[in-house]
Visitor: 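Quick one: the structure is below, and I'll ask about it shortly.
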Amino acid sequence: MMTTTPLCDTALPRERLAELVDALVEQGWYVGKGFLPADLCAELYQEVTAMADHEALEAAGIGRGQAHALRRDVRGDAIRWLDRESRARRRYLEAMGELQQELNRALFLGLFEYEAHFAHYPPGAFYRQHLDSFRGRANRVVSTVGYLNPDWPADGGGEMVIFDTDAPERELARVHPEAGTFACFLSESVPHEVLATRLPRASIAGWFRRNASLGGLVDPAR
Ligand SMILES: O=C(O)CCC(=O)C(=O)O
Ligand SMILES: [Fe+2]
């Protein structure tokens, strides 16, 4: 009999997925250490580091379409949108596909698409407090961040701070950008920021989207 090779060996543990769903329902955000497989993070870290070394990343901006602008006073990372060109990237996207299915099954979110980019913050870079969903467009519904740096030191900076929806000056959590840690939150309601990093900081930021076409405008991806 023929055996089929599984598409990937990522398979996010069921109990961690359940924990994530519960936290999203209860507080609108989730942070899990050791959520992503260590070998996967190591491969992705190598890829983004090589891209940074070869200037294969582009300065990140804010806003979509024509409103897109470079604002180094707001965010200082460099990015590259994730394609499926390496085994590691396919594995990561496969894992996000599992998460999407689980979110749709458990929460009826109707998520239909996932977009993600590598992000590299050079020393000194930060990303000021913001929401991930652009005003007037319910396009990004759930945000994800997978961290890739091995052995992040306690004084490395670069934490992601999560703030209270109703009191955005109130800090709720600080996430150390350590390989394996995964953060997930509601894009429209959870204010967050990246504190200035002391070391080069690597991650994959991604968003589950619903199709939003408003006023006859089809919302552009990215
Ligand atoms: O890297 C992080 O911790 C968060 C990044 C972020 O907020 C974003 O890219 O929108
Ligand atoms: Fe963000």
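Just the heavy atoms: all of them, side chains too, but no hydrogens, waters or symmetry mates, feed the values below. In listed order, ligands and their atoms are each counted from 1. What you see is a predicted model; the values in this text were computed from it and never measured.
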Visitor: Going by side chain to side chain contact (heavy atoms under 4.5 Å, CB included), V175 matches just one of T181, V145, V161. Which one?
Guide: T181
Visitor: Less than 6.0 Å separating the ring centroids of Y30 and F35?
Guide: yes
Visitor: Have a look at ligand 1 and work out which part of D132, if any, has a heavy atom under 4.0 Å from it: side chain, backbone, both or neither.
Guide: side chain
Visitor: Check ligand 1 against M160 and write out every atom of the ligand that is under 4.0 Å from a heavy-atom position of the residue.
Guide: 3 (O), 4 (C)
Visitor: If we only count heavy atoms from C-beta on, is the E43 to R91 side-chain gap below 4.5 Å?
Guide: yes
Visitor: What is the nearest protein non-hydrogen atom to atom 4 (C) of ligand 1, stated with its residue, atom name and distance?
Guide: V194 CG2, 3.6 Å
Visitor: For the Fe ion (ligand 2), which N, O or S atom of H130 is at the shortest distance?
Guide: NE2
Visitor: By number and element, which atoms of ligand 1 are closer than 4.0 Å to a non-hydrogen atom of A205?
Guide: 9 (O)
Visitor: Taking only non-hydrogen atoms of F185, do any sit less than 4.0 angstrom from ligand 1?
Guide: no
Visitor: To check your reading of the model: name the closest protein heavy atom to atom 1 (O) of ligand 1, its residue, and the distance in Å.
Guide: R201 NH1, 2.9 Å
Visitor: Decide, yes or no, whether a salt bridge links E102 with R14 under the criterion of side-chain N to carboxylate O below 4.0 Å.
Guide: yes
Visitor: Could you tell me whether Y147 and ligand 1 have an N or O pair separated by under 3.5 Å?
Guide: yes
Visitor: Please determine if E58 and R80 form a salt bridge, counting it only when a charged side-chain N lies under 4.0 Å from a carboxylate O.
Guide: no
Visitor: Do Y127 and V74 have side chains that approach each other closer than 4.5 Å (heavy atoms only, starting at C-beta)?
Guide: yes
Visitor: If I apply the N/O under 3.5 Å rule, does W207 come out as touching ligand 1?
Guide: no
Visitor: Knowing that exactly one of L36, I204, D39 qualifies, which makes a side chain to side chain contact (heavy atoms under 4.5 Å, CB included) with L44?
Guide: I204
Visitor: Checking side-chain polar atoms at under 3.5 Å, does T144 have a donor or acceptor matched by the opposite partner on Y114?
Guide: yes
Visitor: E193 near ligand 1, heavy-atom distance under 4.0 Å?
Guide: no
Visitor: State plainly whether the residues E94 and R84 are in salt-bridge range, i.e. N to O under 4.0 Å.
Guide: yes
Visitor: What is the nearest protein non-hydrogen atom to atom 5 (C) of ligand 1, stated with its residue, atom name and distance?
Guide: Y121 OH, 3.7 Å
Visitor: Does the side chain of N139 reach to within under 4.5 Å of the side chain of R209, using non-hydrogen atoms?
Guide: yes
Visitor: Can the ring centroids of H192 and F163 be said to lie less than 6.0 angstrom from one another?
Guide: no
Visitor: In terms of atom number and element, which parts of ligand 1 are under 4.0 angstrom from non-hydrogen atoms of S203?
Guide: 1 (O)
Visitor: I'd like the atom name of the N/O/S atom in D132 lying closest to the Fe ion (ligand 2).
Guide: OD1
Visitor: Could you tell me the residue and atom name of the protein heavy atom closest to atom 8 (C) of ligand 1, and the distance to it rounded to 0.1 Å?
Guide: Y127 CE1, 3.5 Å
Visitor: Are any of the N or O atoms of H130 closer than 3.5 Å to those of ligand 1?
Guide: yes
Visitor: With the Fe ion (ligand 2) as the reference point, give the N/O/S atom of H192 that is nearest.
Guide: NE2
Visitor: What I want to know is whether D77 and ligand 1 share at least one N or O pair that is separated by under 3.5 angstrom.
Guide: no
Visitor: Taking the non-hydrogen atoms of A119, is any one of them nearer than 4.0 angstrom to ligand 1?
Guide: no
